Student: 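A single structure is presented below for examination.
Along the sequence shown, residues carry numbers from 1. Just so it is clear, the structure is predicted and the values come from calculations on it, not from any experiment.
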Amino acid sequence: MTKRLTEVAKKAGVSEATVSRVLNGRDGVSETTRTAVLTALDVLGYERPTKLRGERARLVGLVLPELQNPIFPALAEVVTGTLAQRGYTPALCARTIGGVSEMDYVEMLLDHQVSGVIFAGGSYALADARHDHYRRLTDRGLPVVLVNAGVDELGFPRVSTDDAVAVEQAYGHLRSLGHERIGMVLGPEGHVPSRRKLDAMVRAAGWGDVERECVERSSFSMEGARVAATKLVERGVTGIICASDVLALGTIRAARRLGRAVPTDISVVGFDDSAFMTCTDPPLTTVRQPIETMGQAAVDLLVTQIEGVGVLQDELLFEPELVVRGSTAPAPGR
């Protein structure tokens with residue numbers, strides 16, 4: 001108990017006596033100090049006294065699929081910083097292979113009486129995945145915001161990049177360079193943002209069933225992209241639009257292993273404009289997600305729900321920006 005009092009007092013920036021007064025429900029403590037103590041208790045992983053468990057902490061969960069893809073640390077930086085400015089303490093939950101699952105993280109966050117949760121890149125974006133843990137949040141009436149497209153029936157507010165505009169920009173760029181045989185490396189079949197990108201490509205390029213051979217699916221890994229892109233290059237594709245920068249880097253590796261030069265023989269366009277894409281060889285042409293604006297909007301939507309002002313069920317679409325670098329060039333023979 002003494003160790004707990006000391007740690008909580010240090011975290012909250014108050015005396016141990018003040019922590020004791022809060023935990024015992026005594027008067028004489030300001031609401032701000034009381035909230036700081038309870039938040040410190042939650043962050044340190046201590047259980048609240050039974051009589052205080054019904055109250056939610058000013059703690060917000062941010063659940064990410066990984067931290068290896070630079071786009072997710074970039075989003076985490078924006079969201080955690082914005083939450084802190086709004087008086088909330090962020091709890092970062094990043095999944096790892098063979099580690100804690102998204103479902104387990106949801107249970108942990110519920111146990112800690114969080115005020116709300118922001119998800120990015122979760123199973124909500126996979127049409128054939130289990131979504132029971134999201135419905136638990138709905139049943140609890142917990143505020144939730146999803147970053148980027150998910151299955152419609154969940155009904156959570158969403159902050160998304162406009163996938164259709166992203167594809168139109170990438171496709172228009174490759175066409176302007178004279179590429180006629182353009183392919184796509186997308187995420188899994190049930191991945192909702194990838195579905196949107198494919199639908200946009202069908203509209204933009206007027207694709208029919210024959211052109212579907214210009215699409216290959218992959219996990220969001222360089223290794224998966226290398227296998228998928230190899231098939232496209234062998235089918236004579238000269239321009240490839242990828243659903244992420246990681247997939248684009250795997251595509252460049254595939255082209256080189258086949259003895260093709262990027263961009264002389266094969267042009268590659270990524271999606272995200274994550275960190276260090278200016279440092280790749282060649283620097284990656286990509287469609288930039290407006291991560292800072294989207295992260296701030298996600299926090300605004302969540303705080304609006306937490307404060308009971310209202311819930312916006314519509315999906316907010318943010319326009320991306322094509323960033324042209326060195327991985328695209330005129331089609332061979334142009």
Side-chain angles (χ1 to χ4, degrees), residues 8 10-14 32-33 35-45 56-96 100 102 105-106 108-109 112-122 124-125 137 142-148 150 156-161 244-246 271-279 286-309 311-312 315-321 323:
V8 173
K10 183 178 180 181
K11 187 75 174 177
V14 298
T32 301
T33 300
T35 298
V37 170
L38 293 177
T39 300
L41 200 72
D42 295 327
V43 171
L44 291 170
R56 287 179 179 164
R58 289 182 70 83
L59 189 68
V60 171
L62 172 60
V63 184
L64 304 176
E66 57 168 315
L67 292 177
Q68 290 184 331
N69 185 334
I71 200 66
F72 293 116
L75 175 66
E77 183 178 7
V78 174
V79 170
T80 56
T82 307
L83 283 170
Q85 290 174 0
R86 302 292 293 270
Y88 291 87
T89 301
L92 179 61
C93 305
R95 305 200 309 273
T96 57
V100 180
E102 187 176 68
Y105 272 133
V106 166
M108 290 181 189
L109 292 170
H112 282 82
Q113 299 289 326
V114 294
S115 297
V117 186
I118 296 173
F119 290 92
Y124 64 86
L137 298 174
L142 199 69
V144 172
V145 174
L146 308 180
V147 178
N148 278 328
F156 294 131
R158 287 170 287 174
V159 173
S160 304
T161 300
S244 77
D245 289 342
V246 172
F271 178 80
D272 283 338
D273 194 27
S274 46
F276 310 121
M277 291 306 106
T278 59
C279 305
T286 187
V287 180
R288 176 182 295 158
Q289 291 201 69
I291 287 297
E292 183 168 353
T293 306
M294 291 171 62
Q296 292 170 349
V299 172
D300 288 343
L301 280 176
L302 191 77
V303 171
T304 297
Q305 293 179 71
I306 292 171
E307 295 177 349
V309 178
V311 180
L312 178 65
E315 180 178 19
L316 299 181
L317 291 178
F318 289 79
E319 187 163 332
E321 176 188 1
V323 181

Student: Closest heavy-atom contact between A275 and P70?
Tutor: N-CB, 3.8 Å
Student: What's the verdict on side chain to side chain contact (heavy atoms under 4.5 Å, CB included) for V78 and Q296, showing C-alpha distance, side-chain angles and the deciding distance?
Tutor: CA-CA 7 Å; V78 174; Q296 292 170 349; 4.1 Å; yes
Student: Spell out, as yes or no, whether a donor-acceptor pair under 3.5 Å connects the side chain of Y105 to the backbone of A94.
Tutor: yes
Student: Between T286 and D245, is there a side-chain donor-acceptor contact under 3.5 Å, judged purely by atom types and distance?
Tutor: yes
Student: Does the side chain of L64 reach to within under 4.5 Å of the side chain of L92, using non-hydrogen atoms?
Tutor: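 With C-beta onward as the side chain, the pair touches.
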Student: Considering residues, nucleotides and ligands other than E66, do more than 12 of their heavy atoms fall under 6.0 Å from its CD?
Tutor: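 Yes, the 6.0 Å shell around CD holds more than 12 heavy atoms from other groups.
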Student: Is N69 close to D272 at the side-chain level, that is, under 4.5 Å between some pair of heavy atoms?
Tutor: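 Answer yes - side chains close enough.
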Student: Assess whether side chain to side chain contact (heavy atoms under 4.5 Å, CB included) is satisfied between N148 and F318, documenting all intermediate values.
Tutor: CA-CA 10 Å; N148 278 328; F318 289 79; over 6 Å; no
Student: Side-chain contact, heavy-atom cut-off 4.5 Å: L59 with H112?
Tutor: yes
Student: Nearest 0.5 angstrom please: F72 CZ to I291 CD1, how far?
Tutor: 8.5 Å
Student: When rounded to the nearest 0.5 angstrom, what is the spacing between CG in L67 and CG in L75?
Tutor: 10.5 Å
Student: Could you check whether any side-chain N or O of E102 sits under 3.5 Å from a backbone N or O of R95, counting only pairs where one atom can act as donor and the other as acceptor?
Tutor: no
Student: Give a yes or no on whether E321 atom CD has more than 12 heavy-atom contacts from other residues, nucleotides or ligands under 6.0 Å away.
Tutor: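 Atom CD in E321 is packed in, count exceeds 12.
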Student: So with a 6.0 Å cut-off around CD of E307, is the heavy-atom count from everything else above 12?
Tutor: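 Buried by this count: over 12 neighbours within 6.0 Å.
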Student: How long is the straight-line distance from OG1 of T161 back to CZ of R288, given to the nearest 0.5 Å?
Tutor: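 Rounded to the nearest 0.5 Å, the CZ-OG1 separation comes to 12.0 Å.
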Student: I would like to know whether V37 and V8 meet side chain to side chain contact (heavy atoms under 4.5 Å, CB included); could you show each step before the answer?
Tutor: CA-CA 7 Å; V37 170; V8 173; 4.0 Å; yes
Student: So how far is it from T293 OG1 to E319 CD, rounded to the nearest 0.5 Å?
Tutor: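 Taking OG1 in T293 and CD in E319, the distance rounds to 12.0 Å.
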Student: Does any non-hydrogen side-chain atom of L142 lie less than 4.5 Å from one of V117?
Tutor: yes
Student: Taking all atoms of both residues into account, what is the closest heavy-atom pair of P90 and Y88, and its distance?
Tutor: CD-O, 3.5 Å
Student: Is V145 close to F156 at the side-chain level, that is, under 4.5 Å between some pair of heavy atoms?
Tutor: no
Student: Will you find, in the side chains of E315 and S160, an N or O donor that is under 3.5 Å from an N or O acceptor?
Tutor: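 Checked: E315/S160 side chains pair up, N/O donor to acceptor below 3.5 Å.
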Student: Looking at side-chain heavy atoms only, is the closest gap between V63 and L109 below 4.5 Å?
Tutor: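 SC-SC contact between V63 and L109 confirmed.
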Student: With the side chain counted from C-beta on, respond yes when V147 and I118 share a heavy-atom pair under 4.5 Å apart, and no when they do not.
Tutor: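 In short, these two side chains touch, coming nearer than 4.5 Å.
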Student: Would you say L301 and L316 make side-chain contact, with heavy atoms under 4.5 Å?
Tutor: yes
Student: About how many Å separate CG of L38 and OG1 of T33, when rounded to the nearest 0.5 Å?
Tutor: 11.0 Å
Student: Taking R58 for its side chain and S115 for its backbone only, find out whether a donor-acceptor pair lies under 3.5 Å.
Tutor: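 No, because the side chain of R58 does not come within donor-acceptor range (under 3.5 Å) of the backbone of S115.
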Student: First locate atom CD1 of I71, then atom CD of Q289, and finally report the distance between them rounded to the nearest 0.5 Å.
Tutor: 5.5 Å
